[in-house]
Amino acid sequence: EATKINPLPHMFVVKDLVTDLSNFYDQYKSIKPWLQTKVEGSHDLTKGEFLQSKQDRKKLDGMYECILCACCSTSCPSYWWSADKYLGP
């Protein structure tokens with residue numbers, strides 16, 4: 001039996017299976033999903049890396065496994081109807 005493959009639903013198709021993920025990535029960037037220090041500029045990276053304890057790293061387990069495929073957003077009805085406002089699940 002043949003398998004049918006479709007592009008991500010509710011996204012603009014650029015070509016074939018390629019969709020425009022610009023809005024998805026812009027929204028992702030807007031929430032600043034990277035590690036930040038509590039005080040802006042409190043660590044000078046020119047003096048070396050900012051080391052993290054094993055306990056601090058354990059606090060992040062389960063939060064950084066996302067591979068940014070957009071499957072969760074494109075399968076969410078709230079995102080379908082308000083993609084410009086809803087940041088996703």
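All of these numbers come straight from a predicted model, not from anything done at the bench.
Heavy atoms of other residues, nucleotides or ligands lying less than 6.0 angstrom from CZ of Phe12 number 12 at most.
Linking Ile, Leu, Val, Met, Phe, Trp and Tyr whenever their side-chain heavy atoms come within less than 4.5 Å leaves Leu60 and Leu68 in two separate clusters.
Checking side-chain atoms of Ser82 against main-chain N and O of Tyr79 turns up no donor-acceptor pair under 3.5 Å.
The two residues Pro7 and Thr19 make their nearest non-hydrogen contact at CB-CG2, 3.8 Å. Taking both residues in full, the closest heavy atoms of Leu21 and Met11 are given as CD2-CE, 3.1 Å, listed atom of the first, atom of the second, then distance. Contact between Gln27 and Lys85 at its shortest, heavy atoms only, is NE2-N, 4.2 Å. Pairing each heavy atom of Asp20 with each of Val14, the nearest pair is N-CG2, 3.7 Å.
A salt bridge links Lys59 with Asp56; the closest basic N to acidic carboxylate O contact falls under 4.0 Å.
Between the OH atom in Tyr28 and the OG atom in Ser73 there is a gap of 11.5 Å [rounded to 0.5 Å]. Considering CG of Leu17 and CG of Leu8, their distance stands at 9.0 Å, rounded to 0.5 Å. A distance of 9.5 Å separates CG in Leu87 from CG in Asn23, rounded to the nearest 0.5 Å.
Under the 30°/60° scheme for interplanar angles, the aromatic rings of His10 and Trp81 are found to stand perpendicular.
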